[in-house]
Amino acid sequence: MSHKKEQTTFSIEVIPAPCVVVIFGATGDLTKRKIMPSLCQLCANNLIHEHTSVICCGRSDYTTESYRSYISQYVPKCSHCNKKSCFLDNIIYVRTDAKEPKTFQDLADQLNIKDSKETASPLNHLFYLAVPPASVTELIAALSQAKLLEETNPDAWRHLAIEKPFGTDLESAVKLDTFLHEHIAEEDIYRIDHYLAKETVQNILITRFANRIFETIWDHHAIDHIRISTAETVGLEGRNSYFDKSGLLRDMIQNHLMEILMLVAMEPPASSNADAIHVAKLNLIEKIRPFTEESMATGIVRAQYTSGNDMAGYLEEPDIPADSMTETFVSLKLFIDNERWQDVPFYIQAGKRMDSQDSEIEIVFKRSTLSFFSEQLSKTLTPNTLTLRIRPDEGMQLDLQAKHSGPKLAIGNLQFDTTYEQQSSNQGAPDAYARLLLDAMLHDHTLFVRGATIIESWKLFTPVLEAWKNNPDKYPLLSYPAGSEGPEFSLEG
Ligand code: BG6
């Protein structure tokens, strides 16, 4: 459509046109923990138009007044906000229930009132579904039936932002995608993977493509292996029933870590626009070697935490069946069958209730093979490693080899370590959700995921999930104490 324009990647200087953000899941955790504070951040930093407003929707019986008072407990008026009228003072609550079409008519009426009152031109609408997966399709159907997803005016867009999970296996993901396309165009769908908006993850492309020194050695000639890992100290955080049906492979690896892998390993896109990046990611994920019975047995480890360090074991958590085989830790090795990555192992790992809260990408280079050093000295050389730290202290570390000061030739590690924040001269990075909300208003798909890559990722992991379910003896579930480094195993060699 002609009025849509992909904005320049990585720029947040453009203020989106006035918009109504309609949030479903008004009383949910995501709304109070992430969406509202992010909107506040955008508002306080003047990054959204002053006529941007918010309608919160849910099944609970709030009035606008009682909802404002409810949400103000969690989101105090932004401290920097010196505006006469903060958007928080103008939130409207509309009770909606997908089973009661009339309630969607009420929502349409509120949107019409805003359209006719607040600005000279019709307003844009961003529908944000911060709801459990089971409610997504019925809400979209209800929005569609009330004609709220239709772009009847060429000057006003309708965007739909949805949260993962996008299906639970290949079949359900394809079904969800087909359903979405029956109701709204792909270009208006913003599938959220909040990892893509983390500073370090956005920085992968800059590190790779703005630094000649890295891109020329970013392949199997120079790189020994790549490790992408995330460890969380937290456990289920009250999402016990959801997690038990999901498990860690579905919760973290199929989406967040695979998105990171694609950015790390893809070929340079033709340009920095969202379509070019998407094509490069899709081309990469299609080249990942499918798992076989053999590689599932030797290249994937799954485990579940038991009690330890004064923390309950997974099976002792509320609402978890005593015989649950759900994994809370996964470590796997995969290969990419293309020229760039031949024989380079990628190690992907994620776990809950670990001993640290760390996420990082480690690019480990091959050791120097020059005969310049004596055999004895060669043994002391450690491989150069580029670490892109996602958490804590988002930043970058490069480990080089250097001569230690002194009269003898002794070689040791020389570490360059910095955080992105230390290097920034501006106000600091917006929270991941603030960035995503802004981009969804700016038609910038760069940090969102597309259906096609999600489906490719499910193609890869659905056979693993089936094998685990059908053949638990062949693919055993290991254990590790809560608060530990994880189970003992080795995927090397
Ligand atoms: C979510 C997962 O997508 O990401 C959670 O469902 C996980 O289980 C969370 O805890 C981790 O996000 P972050 O930003 O804290 O690393």
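Each ligand, and each atom within it, is numbered from 1 in the order the structure gives. Just so you know, these numbers come straight off a predicted model, no measurement behind them.
No side-chain heavy atom of Tyr314 sits under 4.5 Å from any side-chain heavy atom of Arg353.
The salt bridge (charged side-chain N to carboxylate O under 4.0 Å, His left out) test applied to Glu259 returns Lys281, not counting sequence neighbours. Shown here are the side-chain contact (heavy atoms from CB on, under 4.5 Å) partners of Asn413, two or more places apart in sequence or in another chain: Thr382, Asp399, Gln401, Gln415. Not counting sequence neighbours, the partners of Leu332 by the side-chain contact (heavy atoms from CB on, under 4.5 Å) test are Leu249, Ile253, Phe291, Ile300, Val330, Leu334, Ile348, Phe461.
A salt bridge is absent between Lys459 and Asp169; no separation between the charged side-chain nitrogens and carboxylate oxygens falls under 4.0 Å. A salt bridge links Arg191 to Glu186: at least one charged side-chain nitrogen sits closer than 4.0 Å to a carboxylate oxygen.
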Can you produce the list of protein nitrogen or oxygen atoms under 3.5 Å from a nitrogen or oxygen of ligand 1, alongside each distance?
from, atom 1, to, atom 2, distance (Å)
ligand 1, 3 (O), Lys164, NZ, 2.8
ligand 1, 3 (O), His256, NE2, 2.6
ligand 1, 6 (O), Lys164, NZ, 3.0
ligand 1, 6 (O), Arg239, NH1, 3.3
ligand 1, 6 (O), Arg239, NH2, 3.1
ligand 1, 6 (O), Asp251, OD1, 2.6
ligand 1, 6 (O), Asp251, OD2, 3.4
ligand 1, 8 (O), Arg239, NH2, 2.5
ligand 1, 8 (O), Asp251, OD2, 2.5
ligand 1, 8 (O), Lys352, NZ, 2.8
ligand 1, 10 (O), Glu232, OE1, 3.4
ligand 1, 10 (O), Glu232, OE2, 2.6
ligand 1, 10 (O), Lys352, NZ, 3.1
ligand 1, 12 (O), His194, NE2, 3.1
ligand 1, 14 (O), His194, NE2, 2.8
ligand 1, 14 (O), Lys198, NZ, 2.7
ligand 1, 15 (O), Arg391, NH1, 3.1
ligand 1, 16 (O), Tyr195, OH, 2.5
ligand 1, 16 (O), Arg391, NH1, 2.8

